[in-house]
Amino acid sequence: MNSNKIKVVMCADYLGTGAVEGSTTGFQQMVNDWINQSAKDIDIELIVYCLGTKTQQYHPFSNVTIKQSKPNITTRALFPLSPPSVFPFLVDLIPIHLSIIQDIIKENPDIIHTFGTFTATETSGYIAAKVMKSKGKKVKLINTVFTEVDTYFPNYLKSIILDFYKLIDSKFILKIIIESARGGIYASTKLKYLSITFLLKFWTYLQSGLSAFLFFRLFELLGILQDLIVKAVKMIVKLIFTDKYKQLEVEVSKYVNHLRHSRSHNLIQLTYDFIRRGDECPKSPLVGIGGLLANILRFFLKQQVSLFVNRCDAVTISRPEDIARYCIKAPVWELPLGCDLSRFKVYQPSVETFVERVNYAHELEMLSNKSALALIDIATNPEKISKRCILYVGRLSDEKNISILINVYEQLLQCKGMKDKVHFIFIGAGYAASELEKRFGDSVTVTGLVPNHLLPTLYNFVRLRHGFFVSASDTETYGITHEEAAACGVPLVAMEKGTRRHFYCPGDRIGSFKIEKDEQIARTIEDLIVNATNNFTVALNGLCIPDYSEDRGLSTLFTNNKVMESVQKSLLCAMYCMAVLPESALAKMSEHASRLAQLGQFGSEGTWQLLRYIYLNDWKSFYTSYNKKQHSYF
């Protein structure tokens, strides 16, 4: 054994299929890629702590050990009737695992690397590091800021509450409690009615369920009572002030709206809207109980992330804005993430080989029957092959701004000739899957979850059909799917916030290489939008939608109709341009995409080398490597 070998503990929470419904997160994919890269590194001994609801077999590398623990209580157990499409992530709600903490301390690592700030393995790694330091042991605690947890989880909390509203409207409360106590629709095992465990769970759910049920019914009753009082008062006022009633009504409405919309009058706002109403109107500026709890959680998580990272010895980020977002004062390393560039590249895909691989994945239960048929149809259906493909890869849920993308695609199909020209492929799953199929029928293909090893072929099919990748997400801490698409030569339409690094604009630099304007692409786009309001940036490899949120994120501005309208207009114009762009211009964009991705992206191999320098605290080697591919924006 190498005496200078570094022992690294990675605290990676959930790994493997089932940790998230609808896709493998960029976090999971990046960690898996780093595990693969570390297997080639004789100077690193890696121990990965993760969670899982069932034991799985992992990488059999000689210098890599993966230790899996069972969660204390998952979100599926607390919300057993909420479908995975409503809350796709598995989270351990009691994150303290004494056995993991003790085991990490026993391993006596040189480095403890965490990827979150509130989940079980990360909390265990943090506590273990503090205990070791208190005993005088040298250990370096590193945290990687991977996702906007303060955006994602509050949105999902509100979704769970909205789902509960529907549940109590559709089922009798006792039936809800019994189904919950048995384990719910989505449990892997069912509890028997006469078991002690079932009776204990039933009693717990009975108390909490009845309380929640009565709480929401009370506010519904108050809402009805409010309506009756308002109507009665209006009638009386109309009788007394017959001539001045209309003017008085306008003045009162103005005052009430001022109280409702004022941030300093949340209690008055809740009094007027009786909790539930503010949640059930998506475009309403009013806040219901779901919105209120989401805002509280958002504030708490943002503060918690800041506290966690500032108690670490080093923090890695993939976008500079996170320094200000989380008030990071600890030493910061900017670590770009990436995909496996040896797999995600331009090549000539074989339809026959792809169909064989899809069928094999189906046999291994990596694909559902519906997903397998959808993928084969993409590759073989003459009607779909003849159309220009629009591709989206990711979860079909709110934090990805999927509703914006749905609305814009509906508008695009209403443009003359578009229905016969384009076909939208959604790779992923989530609450919006059924809505997409109902709303668009044969104009879309929703594949569900697709294994990562099949994606390079799909990207290359889209490139060959002169298609493009699109995303309305602005909560990307990096945007690995954007890099995957670009590396495979697929042009992009995406948001500036969170994904600007994937667009190559004239004046940008990659290391010492300066990107020049492509006259053919610029002229062609200018000719197409001469009579349109475009407001997007023309890059060599696609069209970049500006940040209308003033750096706050669209998910916090969904009630701002003006902002949403601007975003949708810009996105519609960009998608229309790409849909009608001549094949010669798209081919040039495709060429720039793959060439500049290879030139400017580190890939999983390059990011592992950078991470290794961080472990060694080797600033000189880190920046020597980093500066060669650093993307400097114009």
Side-chain angles (χ1 to χ4, degrees), residues 386-393 401 404-426 440 443-444 459 462-474 479 481-482 485-486 488-497 499-500 502-508 515 517-548 554 564-594 596 634:
S386 66
K387 292 181 178 179
R388 185 161 289 184
C389 291
I390 305 172
L391 179 68
Y392 168 85
V393 181
N401 292 329
I404 293 175
L405 205 52
I406 290 172
N407 291 336
V408 170
Y409 186 52
E410 186 171 59
Q411 294 172 49
L412 181 67
L413 289 180
Q414 291 169 3
C415 298
K416 188 177 179 181
M418 278 296 115
K419 200 165 185 179
D420 297 323
K421 189 175 182 64
V422 296
H423 184 81
F424 211 139
I425 301 168
F426 289 88
F440 299 113
S443 296
V444 299
Y459 285 122
V462 171
R463 173 184 57 80
L464 289 173
R465 294 170 194 177
H466 309 289
F468 56 96
F469 173 93
V470 66
S471 173
S473 171
D474 63 348
T481 55
H482 299 68
C488 292
V490 180
L492 311 177
V493 172
M495 315 301 286
E496 177 183 21
K497 183 173 168 57
T499 54
R500 170 65 176 88
H502 301 292
F503 285 100
Y504 305 104
C505 300
D508 286 0
I515 298 172
K517 186 176 182 180
D518 187 306
E519 293 293 344
Q520 180 189 345
I521 292 173
R523 235 182 1 257
T524 307
I525 298 284
E526 285 170 11
D527 290 343
L528 286 174
I529 60 173
V530 67
N531 294 318
T533 305
N534 62 303
N535 201 15
F536 52 68
T537 302
V538 179
L540 270 67
N541 64 322
L543 306 177
C544 182
I545 311 301
D547 178 23
Y548 293 91
L554 294 176
M564 290 299 116
E565 188 179 332
S566 298
V567 172
Q568 292 189 32
K569 277 184 178 178
S570 187
L571 188 57
L572 174 62
C573 187
M575 288 176 65
Y576 180 84
C577 282
M578 296 296 282
V580 298
L581 204 63
E583 290 183 3
S584 58
L586 269 172
K588 289 210 76 177
M589 271 192 174
S590 176
E591 182 186 328
H592 288 308
S594 59
L596 294 171
F634 173 66

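When reading the values below, keep in mind they use all heavy atoms of this one structure, side chains included, and skip hydrogens, waters and symmetry mates. Note that the structure is a prediction, hence the values are computed from the model and not measured.
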Would you sort out whether Glu583 and Arg388 count as a side-chain contact (heavy atoms from CB on, under 4.5 Å), showing the intermediate values? CA-CA 10 Å; Glu583 290 183 3; Arg388 185 161 289 184; 3.7 Å; yes
Met495 and Val567: side-chain contact (heavy atoms from CB on, under 4.5 Å), yes or no, with the steps? CA-CA 9 Å; Met495 315 301 286; Val567 172; 3.9 Å; yes
Go through the steps for Phe424 and Met575 under the test side-chain contact (heavy atoms from CB on, under 4.5 Å), then give the verdict. CA-CA 11 Å; Phe424 211 139; Met575 288 176 65; 4.0 Å; yes
Run the side-chain contact (heavy atoms from CB on, under 4.5 Å) check on Phe468 and Leu391 step by step: do they pass? CA-CA 6 Å; Phe468 56 96; Leu391 179 68; over 6 Å; no
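Looking at heavy atoms from C-beta onward, Leu540 lies in side-chain contact with Pro506 at the 4.5 angstrom threshold. Side-chain contact check for Glu565 versus Lys569: some heavy-atom pair is nearer than 4.5 Å. For the pair Ile521 and Leu581, the minimum side-chain heavy-atom distance is 4.5 Å or more. Looking at Val538 and Leu543, their side chains come closer than 4.5 Å, going by heavy atoms from C-beta outward. Side chains of Thr481 and Tyr459 form a contact here, defined as non-hydrogen atoms less than 4.5 Å apart.
The side chain to side chain contact (heavy atoms under 4.5 Å, CB included) test with Pro491 is passed by exactly one of Met589, His466, Arg463: Met589.
The line from OG1 of Thr499 to CG of Asp474 is 8.5 Å long, rounded to the nearest 0.5 Å. Atom CZ of Arg523 and atom NZ of Lys517 lie 9.0 Å apart (nearest 0.5 Å). Annotation: the span from Lys588 atom NZ to Glu519 atom CD amounts to 9.5 Å, rounded to 0.5 Å. For the atom pair CZ of Phe536 and CG of Leu572, the computed distance is 10.5 Å after rounding to the nearest 0.5 Å. For the atom pair CZ (Phe469) and CE (Met578), the distance works out to 12.0 Å, reported to the nearest 0.5 Å. If you take CG on Asp420 and NZ on Lys387, they are separated by 6.0 Å, rounding to the nearest 0.5 Å.
The minimum heavy-atom distance between Ile545 and Ala574, with the atom names listed, is CD1-CB, 3.7 Å. Ala593 and Val490 make their closest contact through CB-O, 4.1 Å (heavy atoms, listed as atom of the first residue, atom of the second, distance). Taking every heavy atom of both residues into account, Pro546 and Glu496 meet most closely at CA-OE1, 3.4 Å. Ala579 approaches Val422 most closely through the heavy-atom pair CB-CG1, 3.8 Å. Across Met418 and Leu413, no two heavy atoms sit closer than the pair CB-CA, 4.2 Å.
In this structure, the side chain of Asn541 engages the main chain of His502 through a donor-acceptor pair within 3.5 Å. In this structure a side-chain-to-backbone donor-acceptor pair under 3.5 Å is present from Ser570 to Asn535. Judged by distance alone, the side chain of Thr524 and the main-chain N or O of Gln520 form a donor-acceptor pair under 3.5 Å. Side-chain atoms of Arg500 come within 3.5 Å of backbone N or O of Phe503 as a donor-acceptor pair. Between the Asn401 side chain and the Ile404 main chain, no donor and acceptor come within less than 3.5 Å of each other. No donor-acceptor pair closer than 3.5 Å links the side chain of Ser471 to the backbone N or O of Ala494. Within the 3.5 Å criterion, the main-chain N or O of Val408 finds no donor-acceptor partner in the side chain of Gln568.
Remark: aromatic rings of Tyr409 and Phe440 are close, center separation under 6.0 Å.
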